[in-house]
Amino acid sequence: MIDVRLLRTNLDGVRSALARRGKPDLLVQVDEAVALDTRLREISLERDTLRAEVNDLSKQVGALRRDKKNDEAEALMERSRAGGDRERVLQSEIDTVQDALQQVMLRIPNLPHPDAPDGAGDHENPIVKGPINLPASFGDHQRVPHWETATALGILDNERATKIAGAMFTMQRGLGATLARALCQFALDQNADAFEEVRPPSFVTTATLTATGHLPKFADDAYAIERDDLWAIPTAEVPLTSLHAGEVLDEAELPVRLMAYSPCYRREAGSAGRDTRGMLRAHEFDKVEILAIARPEDAPALLTELVGRAEALMAALELPYRIIEICTGDMGGSHHRSFDIEVYAPGCDAWLEVSSVSWFSDYQARRADIRFKRTGQKGTEIANTLNGSALAVPRVWAAICENHRQPDGSVRIPAVLLPYMRGATHITPKA
RNA sequence: GGAACGGUGGCAGAGCGGCCUAAUGCACUUGUCUUGAAAACAAGAGGGUUAAUAGCCCCGAAGGUUCAAAUCCUUUCCGUUCCGCCA
């Protein structure tokens, strides 16, 4: 959520920043918010004045009662009662207006960073680095999609996954399952130098899913467990961001650096029929997420660091990759600035998004109420949050199957994963 | 799942309709004293909203009763203990 006060102090700035997202509706929402906020402040002032009166009268009633001056007390109670009645009317209007304002504010997206590139959609995301490791040409053996080769190798069994759970679920078997787990372990180990490993809950409350910006807007994309009023997390970003929700952190504790492996659940409403083959898109997948809660002034450097960490993993896995920056027209609602890492998969002949690293400024932290206190200063400030996928398993798994496929049909395990593969150096066809 | 008891300031803990603008202790900050520290004494100290050092709001949360709620009522969340069940 953006700061309501910005609507009062820098309305033009808000308008022009949001205009860059290229969605005219947003400006209408801003107007709505301004009107509601103005009204809210008016009637709040009125109510507070009334309350002050009632509080004062009540205090006098108490004093008169003690002095046994019951007649005088009665008279004051009468006045106080009248004030209370008017207050109740105002209060109900305040509740209505406040609620409406909250609903509008929750749906107004974050302001893009001044340096974020302008653009209308994903076709305008500039490539900021790469391609790296991209060979001049690929062999025919690499030009086979992983859903064919992996199935033949016996490491992918989506047919049975579908039997068990329905469309868009995947199942890895044998060394394929080991490879998926190896990728998680590798990503965690590579970041353990600076991040605390957390194993968070996979189900969260409505409040938690709202804090990161996934609700109310994206309710259809999340799995809801209605009986228990819980949601399945679409990413570990959700529980990790709220880990310190409602807390005031000490400046000295910042930045908080957390990482987590978690399963991720997405209904993929609206993308049914797209990328349904292989490992490109599924209702459930594994991911290692890295996240930081920081002072605003430290956020830019952390953003660079997180991107660098995600990039380093792709380089270590010997995969061809590039980094793109997300333009204003393609940027997620909570994002302030955002970079994606894409890996090239020669079998699919596509650049696959394998990591997304974002800076949320104070947008999520305000929703989650994550504040910090500067040493020696009064008051608190809203923190900044940043996060990124260190490694999202399925697409990296697919890219390994395609890029590292050998002429004999086997898949070479990248050297960095060998410690996790129980001695296997290649995944070979069953005899 | 059943039962009992709890959730108050950084911590401990009192208050159980009106001098609660929340006692007291510990911890904390500043000052006096001291070469410095300790001790003692004195003062101070939370968060939110607001232009405001005014007012208003915050005693787990949300409703309600009342002229007045930390205090009474309802709902709810969380915790502890016991029972049941269980990887």
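Keep in mind that what you see is a predicted model, and the values were worked out from it rather than measured. Chain naming here is simple, since letters A, B, ... match the order of the sequence lines and numbering starts at 1 in each.
- Here, B/U8 and B/C78 have their C1' atoms 15 Å apart, quoted to the whole Å.
- The minimum heavy-atom distance linking A/His283 with A/Ala167 is given by the pair CD2-O, 3.2 Å.
- If you take atom C1' in B/U29 and the same atom in B/G6, they sit 33 Å apart, rounded to whole Å.
- If you take atom P in B/G63 and the same atom in B/A3, they sit 27 Å apart, rounded to whole Å.
- Per the geometry, CD belonging to A/Glu253 stands 13 Å off C1' belonging to B/G10, to the nearest Å.
- Here B/G55 presents its P atom at 17 Å from CD of A/Glu87, a figure rounded to the nearest Å.
- Separation of the P atoms belonging to B/U49 and B/A43 is 32 Å when rounded to the nearest angstrom.
- Pair assignment for B/C85: none, as no Watson-Crick or G-U wobble contacts are both less than 3.5 Å.
- For the pair A/Asp95/A/Gln91, a side-chain contact is recorded, criterion being any heavy-atom separation below 4.5 Å from C-beta on.
- Atom pair A/Glu74:CD and B/G18:C1' shows a separation of 15 Å (rounding to whole Å applied).
- Remark: the separation of the P atoms in B/G7 and B/C59 is 14 Å, to the nearest Å.
- Under a 4.0 Å N-O distance rule, the pair A/Asp56/A/Lys59 does not qualify as a salt bridge.
- The gap from the C1' atom of B/G9 to that of B/A4 amounts to 29 Å, rounded to the nearest Å.
- Between A/Ile94 and A/Leu40, the closest side-chain pair of non-hydrogen atoms falls below 4.5 Å.
- Remark: A/Glu318 engages A/Arg412 in a salt bridge, criterion side-chain N to carboxylate O under 4.0 Å.
- Among the protein residues, A/Arg5 comes within range of the sugar-phosphate backbone only, with heavy atoms under 4.0 Å from sugar or phosphate atoms but none that close to a base.
- For A/His335 and A/Phe360, the ring centers are positioned less than 6.0 Å apart.
- Contact check on A/Arg374 versus A/Glu297 returns a salt bridge, with a Lys/Arg side-chain nitrogen under 4.0 Å from an Asp/Glu carboxylate oxygen.
- Taking a pair to require two hydrogen-bonding distances under 3.5 Å in either a Watson-Crick or a G-U wobble arrangement, B/G6 pairs with B/C78.
- Not a single donor-acceptor pair under 3.5 Å links the side chain of A/Arg371 to the backbone N or O of A/Gly379.
- Atom CG in A/Leu90 sits roughly 16 Å away from atom C1' in B/C57 (whole-Å rounding).
- The distance from atom CG of A/Asp369 to atom P of B/G48 is 9 Å, rounded to the nearest whole Å.
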Please write out each protein N/O paired with an N/O of nucleotides 45-47 of chain B under 3.5 Å, distance rounded to 0.1 Å.
{"unit_1": "B/G46", "atom_1": "OP1", "unit_2": "A/Lys378", "atom_2": "NZ", "d": "3.0"}
{"unit_1": "B/G47", "atom_1": "OP1", "unit_2": "A/Lys373", "atom_2": "NZ", "d": "3.0"}
{"unit_1": "B/G47", "atom_1": "OP1", "unit_2": "A/Gly379", "atom_2": "N", "d": "3.0"}
{"unit_1": "B/G47", "atom_1": "O3'", "unit_2": "A/Arg371", "atom_2": "NH1", "d": "3.1"}
{"unit_1": "B/G47", "atom_1": "O2'", "unit_2": "A/Arg371", "atom_2": "NH1", "d": "3.2"}

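- For the pair A/Asp228 CG and B/C77 P, the interatomic distance rounds to 11 Å; values are reported in whole Å.
- Residues from residues 31-58 of chain A with heavy atoms under 4.0 angstrom of RNA chain B, sorted by number: A/Arg41, A/Asp48, A/Arg51, A/Ala52, A/Asn55, A/Ser58.
- With C1' as the reference atom, B/A40 and B/A51 are 44 Å apart, rounded to whole Å.
- Checked for salt-bridge contact, A/Asp25 and A/Lys23 miss the test: no charged N lies under 4.0 Å from a carboxylate O.
- For the P atoms, the distance from B/A37 to B/A45 is 24 Å, rounded to whole Å.
- Taking atom CD of residue A/Glu78 and atom P of nucleotide B/U66, one finds them 13 Å apart after rounding to whole Å.
- Under the 4.0 Å criterion applied to side-chain N and carboxylate O atoms, A/Arg39 and A/Glu93 are assigned as salt-bridge partners.
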